[in-house]
Amino acid sequence: MSANQAVTLLDRNSLSRPNLVEGSTANSKEDLIELAQQIQQCDASIKSAASSKLRSILDQMRSLQQQAKGVLEDAKRDAELHHAACNFKKIPGTLYYLYQRPSGCSYLSLLSPEEWGNTCPHTFLACYKLEFDFSWTPLEFVEKNEADNAIVERLVKKQFQMALMNE
């Protein structure tokens, strides 16, 4: 028990004095010590439970902070890709190749470095797929993203079928 907390006992003459067991009274100093120890144990348990819950919330806050950072980084990348020079209409579902000119200007192309062969005039930076929500997925995550989308599609379809069956 902390130094600024003390066990408060009721006045013996109080009409509202509770009894631990019906008809019993605190008969000895040991009873009072046991009651104080029990209160101290409860305080420790409450503090421990609150601390545990707060640690869990703190972990969740850190996780959300990391997710927010990732969302902002993705949004910055997506904006940069949408602002890259491009001489054609971008179509969702298509792979685009990002190149950089010696001037530092970047541009999108439909030609991969392999298709350019040895005649590629600029530095290849990366390949991205334009998604249907107009976000960009780096090539190395396209396969995983498509697998995740297929799982979500199956779950939605299953839920829809279950909803129809329950009507």
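The residues of the chain are indexed from 1 along the displayed sequence.
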Worksheet item: So R154 and I151, side-chain contact (heavy atoms from CB on, under 4.5 Å) or not? Walk me through it.
Response: CA-CA 5 Å; R154 284 195 306 270; I151 291 169; 3.4 Å; yes
Discussion item. Run the side-chain contact (heavy atoms from CB on, under 4.5 Å) test on D148 and V152 for me, step by step, so that the C-alpha distance in whole Å, both residues' side-chain angles and the decisive distance to 0.1 Å come before the verdict.
Written reply: CA-CA 6 Å; D148 290 348; V152 169; 5.5 Å; no
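- A donor-acceptor pair under 3.5 Å links the side-chain atoms of S45 to the main chain of Q41, judged by distance alone.
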Can I get a per-line list of side-chain donor-acceptor pairs under 3.5 Å for residues 61-77, giving both atom names and the distance, sequence neighbours left out?
unit_1 : atom_1 : unit_2 : atom_2 : d
S63    : OG     : Q67    : NE2    : 3.4
R77    : NH2    : W136   : O      : 2.6

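- When the side chains of ILVMFWY residues are joined at heavy-atom separations under 4.5 Å, either directly or via intervening members, I39 and I33 end up in two distinct hydrophobic clusters.
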Kindly list each side-chain donor-acceptor pair under 3.5 angstrom involving residues 91-108, sequence neighbours excluded, with atom names and distances?
unit_1 : atom_1 : unit_2 : atom_2 : d
T94    : OG1    : I91    : O      : 2.9
Y96    : OH     : I91    : N      : 2.6
Y96    : OH     : I91    : O      : 3.4
Y99    : OH     : L111   : O      : 2.7
Y99    : OH     : W116   : NE1    : 3.4
Q100   : NE2    : G104   : O      : 3.1
S103   : OG     : C105   : N      : 3.4
Y107   : OH     : H122   : ND1    : 2.7

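- Interatomic distance, CD of E114 versus SG of C120, reported as 9.5 Å (0.5 Å rounding).
- Atom SG of C86 sits about 10.5 Å away from atom CG of L81, to the nearest 0.5 Å.
- When the shell of 6.0 Å around CD of E34 is examined, it contains 12 or fewer heavy atoms from other residues, nucleotides or ligands.
- Distance check: L54 CG to D59 CG gives 11.0 Å after rounding to the nearest 0.5 Å.
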Discussion item. Applying side-chain contact (heavy atoms from CB on, under 4.5 Å) to E131 and N145, what does each step give before you reach the verdict?
Written reply: CA-CA 10 Å; E131 300 295 345; N145 195 27; 3.1 Å; yes
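- In this structure, D43 does not pair ionically with K47, as no charged nitrogen and carboxylate oxygen lie closer than 4.0 Å.
- No side-chain heavy atom of E153 sits under 4.5 Å from any side-chain heavy atom of N149.
- Atoms OG and CG, from S112 and L139 in turn, are 10.5 Å apart once rounded to the nearest 0.5 Å.
- Connection of L130 to L125 is established within a shared hydrophobic cluster, with ILVMFWY side chains joined at heavy-atom distances below 4.5 Å, either directly or through further cluster members.
- Between atom NZ of residue K90 and atom NE2 of residue H82 there is a gap of 6.0 Å, rounded to the nearest 0.5 Å.
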Practice prompt. Would you check, one step at a time, whether the test side-chain contact (heavy atoms from CB on, under 4.5 Å) holds for F124 with C127?
Written response: CA-CA 9 Å; F124 171 72; C127 178; 4.2 Å; yes
